[in-house]
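Letters A, B, ... are given to chains in the order of the sequence lines, protein chains preceding strands, and every chain is numbered from 1. This structure is a prediction, so every number in the text was calculated from the model and none was measured.
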Protein chains: 4
Amino acid sequence: MKPSSSPSDRGGAGPAPGGLFDSVLARGGVRERVDDRAWLQAMLDAEAALARAQARVGLIPAADAERITAACRAENFDVAALGRDAAAAGNPVVPLVRALTAAVTPDAVTANAAAANAAAAGAGPAVHYGATSQDILDTAAMLVTHRALGPLLADLGGAAAASARLAETHRDTVMAGRTLLQQAVPITFGLTAAGWLTGLDTAGRRLAQLRATRLAAQLGGAAGTLAPLGLHGATVAAAFAAELDLAEPVMPWHTDRSRITELAGALGTAASAIAKTARDVTLLAQTEVAEVREGGAGDHGGSSTLPQKRNPVAAVAALAGAAQAPGLVATLLAAATHEQQRAAGAWHAEWLPLRELLGSVGSAAAWLRHCLERLEIDADRMRANLELTGGLLLAERVSTALASTLGRLAAHDLVRDAAAEATRSGRPFGDVLRARPEIDDAEIDKLLDPAGYLGSAGEFVDRALAAYRRPGGATS
Amino acid sequence: MKPSSSPSDRGGAGPAPGGLFDSVLARGGVRERVDDRAWLQAMLDAEAALARAQARVGLIPAADAERITAACRAENFDVAALGRDAAAAGNPVVPLVRALTAAVTPDAVTANAAAANAAAAGAGPAVHYGATSQDILDTAAMLVTHRALGPLLADLGGAAAASARLAETHRDTVMAGRTLLQQAVPITFGLTAAGWLTGLDTAGRRLAQLRATRLAAQLGGAAGTLAPLGLHGATVAAAFAAELDLAEPVMPWHTDRSRITELAGALGTAASAIAKTARDVTLLAQTEVAEVREGGAGDHGGSSTLPQKRNPVAAVAALAGAAQAPGLVATLLAAATHEQQRAAGAWHAEWLPLRELLGSVGSAAAWLRHCLERLEIDADRMRANLELTGGLLLAERVSTALASTLGRLAAHDLVRDAAAEATRSGRPFGDVLRARPEIDDAEIDKLLDPAGYLGSAGEFVDRALAAYRRPGGATS
Amino acid sequence: MKPSSSPSDRGGAGPAPGGLFDSVLARGGVRERVDDRAWLQAMLDAEAALARAQARVGLIPAADAERITAACRAENFDVAALGRDAAAAGNPVVPLVRALTAAVTPDAVTANAAAANAAAAGAGPAVHYGATSQDILDTAAMLVTHRALGPLLADLGGAAAASARLAETHRDTVMAGRTLLQQAVPITFGLTAAGWLTGLDTAGRRLAQLRATRLAAQLGGAAGTLAPLGLHGATVAAAFAAELDLAEPVMPWHTDRSRITELAGALGTAASAIAKTARDVTLLAQTEVAEVREGGAGDHGGSSTLPQKRNPVAAVAALAGAAQAPGLVATLLAAATHEQQRAAGAWHAEWLPLRELLGSVGSAAAWLRHCLERLEIDADRMRANLELTGGLLLAERVSTALASTLGRLAAHDLVRDAAAEATRSGRPFGDVLRARPEIDDAEIDKLLDPAGYLGSAGEFVDRALAAYRRPGGATS
Amino acid sequence: MKPSSSPSDRGGAGPAPGGLFDSVLARGGVRERVDDRAWLQAMLDAEAALARAQARVGLIPAADAERITAACRAENFDVAALGRDAAAAGNPVVPLVRALTAAVTPDAVTANAAAANAAAAGAGPAVHYGATSQDILDTAAMLVTHRALGPLLADLGGAAAASARLAETHRDTVMAGRTLLQQAVPITFGLTAAGWLTGLDTAGRRLAQLRATRLAAQLGGAAGTLAPLGLHGATVAAAFAAELDLAEPVMPWHTDRSRITELAGALGTAASAIAKTARDVTLLAQTEVAEVREGGAGDHGGSSTLPQKRNPVAAVAALAGAAQAPGLVATLLAAATHEQQRAAGAWHAEWLPLRELLGSVGSAAAWLRHCLERLEIDADRMRANLELTGGLLLAERVSTALASTLGRLAAHDLVRDAAAEATRSGRPFGDVLRARPEIDDAEIDKLLDPAGYLGSAGEFVDRALAAYRRPGGATS
């Protein structure tokens, strides 16, 4: 059921026209899966599934369920009118039920409602039977989420795959490791990319797991008892979930919002992994560092007035999307305190941030994938930057090596003094060391070779790639 | 300049059609003042003002400025196309400048650009001269904010005015004061409404103050020096602000986002004041309390399946709108760390939460005004609820009164025991007291009259109303 | 290793003295597991485990590891001095390593450092070998979290168990279901408690899962390569994790903060489940509702000046603790963007909110458990409140029943009119209905019996209890 | 009253010993002004002021007020015991009132309470007369905030002053302007520092304004009527505020939390200004940029294992402190929805985040001041970095200059091509240009001088300094 209502079913309509900020902040396939039409179709899918579930159990005629299902196509309804009429009851389900009932009711009947009898009412009485508005909207939220996670996970996976390729290709490309934005010791670009990979892959796996297990149908009726369905409530609820291929909850979850908050938390984690990677790209792409550069056709990253600029636009847009997440997660967490049987405000407060969170993280994932799939790596510049400090990056190694002969403290002091002198005088660290009698010159050359001081970097890259390729994954 | 570009200038177009959730979560006049078209018009207003400012100083011909101004009408541009083309540079100003340049350039010239000379280029070279994209978008954000605050402040003021009327009308209407959701001592409904008034009025005054003083034009060029304008930069910037009737900043504020964060904080405070009031309405409207009830025509607050229900939909929708604020404020605060001369992501991260924050708080204000202007007060029920505990609400008073004769501790113990007995037995507190020899029966009747134990309630109402009516206001 | 360092090992010191707000906002066992001493001990446990791991691999003498382990007791160190000396390097590990080195170094050596040789240096050179400060502090954070989750999960589990008992005991206790704070249809208190149970149990299971699988040791050295350990890095890292009984990560996670953010999300979800339950208690305990009441000895919930009050203090304190979560989760998510190999500020930004989040949610869980284990249920009052509206709560049922004979619309209109008349006149809904000729009086009595309109309530309670008792749990 | 209770009055006790993370995350004078002892003293100051206010009006004997005032010294009370006993009522005021009452009551009376009479009760009955716990704690929160803002504003002002000095000294020091982390056009370091100044000064002025006008005494009694004080309520409240030198509110603000939320917003803005500045320092201090460097004695910024490192620890710690703000502001905003006359949980939820917010922003301000007061500027390196791209930074200028002769589009194309060639070949941009016949070589040299393309930079610096030095300030 779920896949069949994808936006590609819009007939000839094509994707919805975008907004002013959409190509920057709503890139990728999520946007049209969380827009008004997508929500409307998901609500209609829920109404149709409810009818079919009740027909299965025999509560309504099968013909009514078919008729309702046939009517439940978004293009038959006027989003703006539904939106407008939502004000009186506080949600768009009430006018939708009215419109859907009219759509499955013969005209004569609606014209002369007082004379209606059961037969002439058509499938009208079977619409929305036993359900409350929140049942439909919550179920729609789960469907929308399920559908939106499709492209989101594809883009997150694409970004992870690009990271994996970079990690593999540059497993042994030496670069400066930087901590607190200062050069520290040599690492490899492969290790950097493996770190990106692990973060992105972990986040994607968690989201995929939630998608598979925690997106559940909602059916409880006015206060969670499904009283209008008599003793058939739980049976209908099970059939309803099955019709939609959503999980069946233990009981109605009108006020247990853990499905929403867990999803929010996982999207927040994904946003963090995206932001970490994109932030690194912007730092590595700085004019003074220039170790990576965003590729891309034509005017990507160009500036209207500064012809020399090549801005890392994809990484920047990924950062902007990811930056929406912490606040929206907080909103959803704070809105999860639902009073009694159904909340007075907290429920309504979820709709927009859920949509925004999916859209923003989806956009960030799409941008990051775009960025990483075209990222140009400058290994020569990495090596050159490593030389900037004339070997100071290997100070830890020299200190450790000398400790075995000079003793630890003496070695530390010697190296610290030599480092200070190199910094002060501008002379290469190696030259300063060579001027000291305690150390053998050949030894110095060996110690100052960054490629010889990479420890387990290669092994960690291999492990990250192996974990990524394992079905069970990198989750520890 | 600012007022003339209001949505009522849309020609015959009428308000933009609303979305599925808009009547619930985007009520009132803010929505169409923060939508794509409003942003586009504001961007165009900024470009036009820039041209006029430069013409004033003589940097471009006056005729060019006129031609640009004439072209700067949103209906001449295609929002979706601009949005789509924003991807390459990361913002919609770049394609807008291109489109605006084309619009003011004679056709022959664009067809044969290589042969262009200054005369044949039309006003093209005068477009966007010396500015950077952020200048235009930041200035547009200020204009959008200024325009959106109009209806927002009107609705907030309407809600305050309704609170003032309630406070005045019910200055002496006695009700139970409730703390930690328990009845505590008598108060008046006037005092309750005066509390609403003070919160709403304080928030509105702060927003009005920010609107008048802190919404500033932005003009700095690529990195804040306005170098292309030579020594005329500051002069043009001043003229630019004057053209737009916005404040002139001390210097470009590309990375000083305090205008945005102060506004965010003030909108957050407004949301809190709205939420407090709306929460009270939902609590007072509970079936078991029933001291207030939302009025409203027709099916307001009706339920499709529960014919007896009268949901406080306006208060609920106000709560839902206000609930968006804390998270969005956090997003804007976190996004205010802008690197160096212009930020890599943090700037882009502001656009959507600023729009959402204005829209959500605006909606909440509109709903609260709707709620309060129609709120029905049941003074009889207030009195009846006050009697629910048989006078226990006056226990503090009895205890205080007896202290002068019995001593404080003895009085406290006597009253505590009597209260416990009343609670345990279900007998009215007054009856239990009357059975005690220590107290005169007539005195008991007097002490248990809630209208006699209101302290300064009336005076506080009068003070709140006076402060509200003073221009300087209730700001302490 | 982990369990042996519990606060009960403080020797005779007893629990740390509490702060001014601690009994309200830091109740339960978490506080002393996240305090300074707990962090210090966890850092020392990490240093000791590192030494033992290296001894296992043969990098340092076993005797050194033993000596270091013996020295790693928090009571041997001065928290205030370490804290003070943390300023220079920006974290407390640097002074701790200095102090620990001194502690395992013979005195003569420290007095005459220049003359030191390897033998005389004692175990000093073996301290912190190859590690960076973040290795120790991140590992400590994982240990602290593991230990703090012990009492937190116990209290969350206690609250769930109390909910389960309430659900079982009151499986068939009829009460008014309330939506948007209005009475809607009958439910059972068992269903209410089952909803609490499901939320609390789900949250607890997720936290337990994270505790078992995602709390990982951290060991990467200066930039994640473990270069000082040559080719032994990964082996030592594995041994390090094993010594601490923490998970072994695929690679160092210095800048992959998903462990922290996933935990934050799960704690946020737990806070929401707690807040939902506590909010319900405060609403049900209102003077006008009075269906539940917090039990508790002596002056629990008493007021100094209002002798009649019985405030739901436990629920209120649980709400206050839970209210800290959304903002702190947002902080941790926003702080998860760690630059390059180790972050410039984002890492330091995690320490306090992680501690506060564990402490606040732990406190909220402890208070909620306290609340629910003593909660007094007033089934008579539940029944009485159900009668408040004279049967209006069954309007949906009457409407449904009449539809089969009168037709749906006619039935709805009749019931709506009768409900309106009952509300207006104050006459019981049943009486109004009985005055209508369309309906049989006996039928009316049956329809208005709330116990006959509970649908699947009992079944849902049974399902929730069964899921709670299943090891795999209520996770869908 | 306020200044006299500063931490320097701790007698010989000295500052409270710090915690493990305090020197990093709680630097400066705020910490000890928001600790438990500071809160306790502020609560006692409120109780004492209440007594004196009532004595002024004649409600209690002057001698009682004196006796109470004398007893209200924090060192006379046991914080841990008060904290422990706070659990029953849910706040520490209840046990404090008990303890204070005992302290001003002759021993015989407490021993034989039943026999007490008014005379023997000492000043006991005068303690806390007419007040509710929230009156005392809210007033204490205002006092604590007032006192904490002292050092916070001093440090923020110190950071602003240091920025002003830098702006003045380096008014004409040319450096590369960077946008999206890419070199864009030349600016001056003075302009950078002027931007820091404006942000910091604006934030400080707003906080100072709030401190002077919005920190108000709280006195309302149980539900805001001050009923126990009869008709004297408002008079006593005014006297109470006067005693404490706090603002007098229009009416009790038990549930109008705008004072707290406005303060939170302003602290959030201050945190953003601090973070922006500190972020710039970390970026400019990067190994590859090296234009600034944190000064500082001894081991400041040193690394235990990397002898060559000089980490920008002060900026990093400032960032970490500032990063706490957005989430804490969100918490305070969300907690501002206080029900009815006094809230059930939202009030209690404010205490910790208010304390943390003051402490974190205070720490960030202190670190930033430390950073800026010692910041070393490397003007040579600034100039050298400007040359890195061989003049590409002036491409905008060359393009503009050529437009007058070549036409705008031809000029843009020529410059774009030359820039591309320079980037591709690694040849200096100037050399590439000189190879083109269209341009005069002397003109090229002039155009490529960055000092000639600074536009209004110097003027903006002067304006920022002038605004900073004006009492009314940089607030637009």
Given B:Val93, B:Thr101, B:Asp135, B:Val94, the one that forms side chain to side chain contact (heavy atoms under 4.5 Å, CB included) with B:His128
B:Val93

Of the listed B:Pro228, B:Ala26, B:Ala88, the one with the largest count of heavy-atom pairs under 4.5 Å with chain A is B:Ala88

Only pairs of heavy atoms separated by less than 4.5 Å count here; which of B:Leu328, B:Leu82, B:Leu96, B:Leu352 has the most with chain A?
B:Leu352

Side-chain ion pair, A:Glu356 and B:Arg355, N-O less than 4.0 Å:
no

Relative to chain B, which segment of A:Ala344 carries a heavy atom at a distance below 4.5 Å: side chain, backbone, both, or neither?
both

So which of A:Ala81, A:Ala315, A:Ala320, A:Ala343 has the largest heavy-atom pair count under 4.5 angstrom toward chain B?
A:Ala320

Who wins among B:Asp85, B:Thr282, B:Leu319, B:Val24 for the most heavy-atom pairs under 4.5 Å with chain A?
B:Val24

For chain A, which candidate among B:Gly321, B:Gly90, B:Ala330, B:Gly130 shows the most heavy-atom pairs at distances under 4.5 Å?
B:Gly90

Whatever's closer than 4.5 Å to a heavy atom in chain A on B:Ala323 counts as both

Hey, could you give me the CG/CE distance between B:Leu137 and B:Met43, rounded to the nearest 0.5 Å?
5.5 Å

Taking the six-membered ring for Trp, are B:Trp351 and B:His348 parallel (under 30°), tilted (30 to 60°) or perpendicular (over 60°)?
tilted

Please state whether the side chain, the backbone, both or neither of B:Ala86 comes within less than 4.5 Å of a heavy atom of chain A.
both

Under a 3.5 Å distance rule, please check whether A:Arg37 uses its side chain to pair with a backbone N or O of A:Val34 as donor and acceptor.
no

Should B:Asp138 and B:Trp347 be marked as a side chain to side chain donor-acceptor pair (under 3.5 Å) after you check the CA-CA gap, both sets of side-chain angles, and the distance that decides it?
CA-CA 9 Å; B:Asp138 277 354; B:Trp347 175 55; 2.9 Å; yes

I'd like to verify something: which residue of B:Ala334, B:Gly83, B:Ala325 has the highest number of heavy-atom pairs under 4.5 Å with chain A?
B:Gly83

Sort out for me which of B:Ala346, B:Pro326, B:Pro353 touches chain A most, counting heavy-atom pairs under 4.5 Å.
B:Pro353

Would A:Glu350 and A:His338 satisfy side chain to side chain donor-acceptor pair (under 3.5 Å), going step by step from the backbone distance to the final call?
CA-CA 11 Å; A:Glu350 289 173 356; A:His338 283 216; 3.1 Å; yes

Ion pair check, B:Asp280 and B:Lys276, cut-off under 4.0 Å:
yes

With a 4.5 angstrom heavy-atom cut-off, is it the side chain or the backbone of A:Val316 that approaches chain B, or both, or neither?
both

